[in-house]
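Hydrogens, waters and symmetry mates play no part in the numbers below; they use all other heavy atoms, side chains included. In what follows, residues are counted from 1 in the order of the sequence shown.
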Amino acid sequence: MWGPSHFCLIMCLWACLDALPVAVDKTKVSPPVEDVEPPESVDTGLHYDRYLREVIDFLEKDPHFREKLHNTDMEDIKQGKLAKELDFVSHHVRTKLDELKRQEVNRLRTLIKVKQDMNGEKGMTVDHKALLKQFEHLNHMNPYTFEVEDLDRLIKSATNDLENFDKERHEDFKKYEMTKEHERKEHLKTLDEEARQKEEEHYEEMKKKHADHPKINHPGSQDQLKEVWEDADGLDPNEFDPKTFFNLHDTNGDGYFDEQELEALFTKELEKVYDPTHEEDDMMEMEEERLRMREHVMNEVDTNRDRLVSRDEFITATNRKEFLEPDGWETLEQNPMYTEEELREFEQHLALEEQDLNLRSNELLKQREELERQQEQLNAQKMELQQAVEHMERLKTQKTESPVQDNVPFAAEMLPGDSQPLSHGHQQDLPAHS
């Protein structure tokens with residue numbers, strides 16, 4: 001089972017290496033519980049996450065591939081040199097990789113077919129370039145066998161996508177913030193002058209309440225870590241020891257701080273600013289703040305840029321001046337996510353989207369009205385056809401009854417006062433009138 005640090009391909013490969021033994025101060029740390037299951041893998045957020053995990057799982061089982069991994073430099077892995085070792089893995093592993101690739105290709109084809117059908121139903125044009133991007137992590141021209149090119153693409157795609165993952169999250173948050181401000185301004189337009197003034201006053205009051213919080217320690221600094229040491233670990237801040245701290249918070253014991261383990265260290269600082277029970281505090285902003293803190297520490301401490309903080313990197317960082325005498329940390333309210341110009345551009349884009357949506361809505365309304373008119377015509381034609389059928393049925397019925405009516409005697413052949421007609425012989429004996 002992969003630990004949280006193995007959430008991307010490069011990290012998964014390096015995690016195969018045996019972790020260095022950990023020296024723990026037994027006078028301060030409780031003895032570890034034996035036979036503890038490692039935590040489950042954290043989803044990478046990539047659309048091919050499951051395929052990525054399964055490929056790595058089977059490659060790690062091959063002795064030759066695992067041995068080469070121990071002797072391959074990180075940069076060489078990123079450049080795809082390790083992918084060439086695929087030619088030497090066992091037949092069983094290659095067969096399983098072929099099967100995994102076929103399953104992934106079928107999954108993507110089904111996904112794209114559904115997207116095309118949905119776009120077609122909505123009258124939207126299909127973005128073929130975006131659809132093909134779904135296949136960048138494998139060679140879809142050969143959908144049957146897993147080759148060196150497939151592993152090379154998988155490594156490079158995972159590396160690139162994960163490096164851009166945080167950037168996309170920042171962009172999503174910026175849109176969230178601009179949408180929130182846009183909706184607030186649009187709401188104000190619906191109010192009268194008095195209500196609008198009260199709403200503005202309430203908004204400013206909430207901003208001041210949110211900004212009124214204790215000092216935020218610089219993420220990853222001695223002051224920040226000492227607070228965790230004291231409040232979360234229950235230890236004397238005067239006895240702070242970086243090695244023991246690292247061992248305490250390396251929750252899966254693999255010798256690295258992954259992104260999730262780092263982010264957990266900032267909870268105490270975030271609680272100074274954000275409270276889910278307070279109206280003025282937005283939990284979406286709290287998660288963005290956590291992301292900013294983690295990125296900052298990674299940039300300062302993760303010297304080999306493998307998205308992990310090793311024990312050595314951590315200890316080295318604690319000896320720097322920035323760790324002992326850090327600058328202050330500016331929170332989100334001190335660093336707005338967007339400018340006024342960006343907000344105007346965003347609102348203009350929303351206006352264009354709304355205009356386009358209205359046009360499409362009008363077109364759909366016209367199409368609906370036309371369909372209703374055609375349906376009325378069909379109903380009228382159906383009624384006319386039904387009436388014609390009924391008329392034909394009546395004519396047919398009358399035609400079958402006419403021979404019976406021909407055998408009925410005329411009234412002149414009946415005697416007055418007699419209900420029975422005279423026989424043919426009696427008709428001849430009657431005297432003629434003069």
Side-chain angles (χ1 to χ4, degrees), residues 3-8 10-11 14-15 17-32 38-39 42 73-75 163 166 213-273 286 289-331 335:
S5 62
H6 316 138
F7 67 96
C8 76
I10 307 304
M11 302 313 109
W14 273 102
L17 300 172
D18 295 331
L20 295 173
V22 178
V24 181
D25 187 341
K26 295 183 179 180
T27 64
K28 298 179 181 179
V29 184
S30 302
V42 177
D73 182 76
M74 172 63 72
E75 196 59 36
E163 286 176 351
D166 286 343
H213 55 72
K215 175 187 175 183
I216 303 300
N217 291 315
H218 191 93
S221 68
Q222 179 177 241
D223 292 339
Q224 191 258 311
L225 298 185
K226 274 188 175 182
E227 268 198 9
V228 178
W229 173 272
E230 181 179 9
D231 296 337
D233 303 331
L235 300 174
D236 187 344
N238 296 320
E239 298 180 6
F240 177 78
D241 177 59
K243 291 183 179 179
T244 303
F245 183 90
F246 185 90
N247 297 332
L248 281 170
H249 295 277
D250 175 20
T251 54
N252 64 352
D254 65 352
Y256 296 90
F257 277 163
D258 60 39
E259 295 182 351
Q260 288 73 37
E261 288 168 329
L262 268 181
E263 289 180 359
L265 300 179
F266 311 134
T267 300
K268 180 66 180 177
E269 297 303 315
L270 294 169
E271 287 176 348
K272 297 177 182 178
V273 186
M286 182 184 75
E289 194 77 75
R290 190 192 303 274
L291 173 59
R292 291 177 66 238
M293 290 179 172
R294 187 255 293 165
E295 284 184 319
H296 179 76
V297 173
M298 279 290 189
N299 289 333
E300 287 190 338
V301 183
D302 178 22
T303 55
N304 66 354
R305 301 301 179 219
D306 63 355
R307 297 175 71 92
L308 295 170
V309 174
S310 68
R311 185 178 59 178
D312 289 341
E313 288 175 328
F314 178 77
I315 300 303
T316 300
T318 60
N319 294 319
R320 296 175 185 156
K321 180 182 178 181
E322 292 81 6
F323 178 77
L324 301 173
E325 302 175 8
D327 297 328
W329 178 256
E330 294 184 344
T331 54
N335 287 278

Inset, instruction - Return the minimal non-hydrogen interatomic distance between G220 and L225, and the atom names on each side. - result: O-CD1, 4.1 Å
Inset, instruction - Walk me through it: do N304 and D302 pass the test side-chain contact (heavy atoms from CB on, under 4.5 Å)? - result: CA-CA 6 Å; N304 66 354; D302 178 22; 2.8 Å; yes
Legend entry - Considering all heavy atoms, the nearest R305-N299 contact: NH2-O, 3.1 Å
Inset, instruction - Only pairs at least two apart or in different chains count here, so list each salt bridge (Lys or Arg N to Asp or Glu O under 4.0 Å) that has a residue in residues 215-229. - result: E227-K272
Inset, instruction - Could you tell me whether the side chain of D233 reaches within less than 4.5 Å of the side chain of H249, counting heavy atoms only? - result: yes
Legend entry - Exercise: identify the closest heavy-atom pair between D250 and G255: OD2-N, 2.8 Å
Legend entry - Ring geometry between F257 and F245 (parallel below 30°, tilted from 30 to 60°, perpendicular above 60°): perpendicular
Legend entry - Q224 CD to I216 CD1 distance, which is reported to the nearest 0.5 Å: 10.0 Å
Legend entry - Pairs meeting criterion salt bridge (Lys or Arg N to Asp or Glu O under 4.0 Å) with involvement of residues 292-301, two or more places apart: D166-R294, E259-R294, E263-R294, E289-R292
Legend entry - Validation row: Q260, T251 side chains within 4.5 angstrom (heavy atoms): no
Inset, instruction - Check W329 against N217 and note the closest heavy-atom contact, atom names and distance. - result: CB-O, 4.0 Å
Legend entry - Validation row: E322, D327 side chains within 4.5 angstrom (heavy atoms): no
Legend entry - Heavy-atom check, side chain of T303 versus side chain of T316, under 4.5 Å: no
Inset, instruction - Start with the C-alpha distance between T318 and Q222, add both sets of side-chain angles, then the distance that settles side-chain contact (heavy atoms from CB on, under 4.5 Å), and finish with yes or no. - result: CA-CA 7 Å; T318 60; Q222 179 177 241; over 6 Å; no
Legend entry - Pair D254-Y256, side-chain contact (heavy atoms from CB on, under 4.5 Å): steps then yes or no: CA-CA 6 Å; D254 65 352; Y256 296 90; 3.8 Å; yes
Inset, instruction - Keeping the roles fixed (side chain from E313, backbone from S310), state whether a donor-acceptor pair exists under 3.5 Å. - result: yes
Legend entry - Minimum-distance pair of heavy atoms, taken over all atoms of D236 and W229: O-NE1, 2.7 Å
Legend entry - Taking every non-hydrogen atom, the tightest pair across P219 and F266: CB-CE2, 4.0 Å
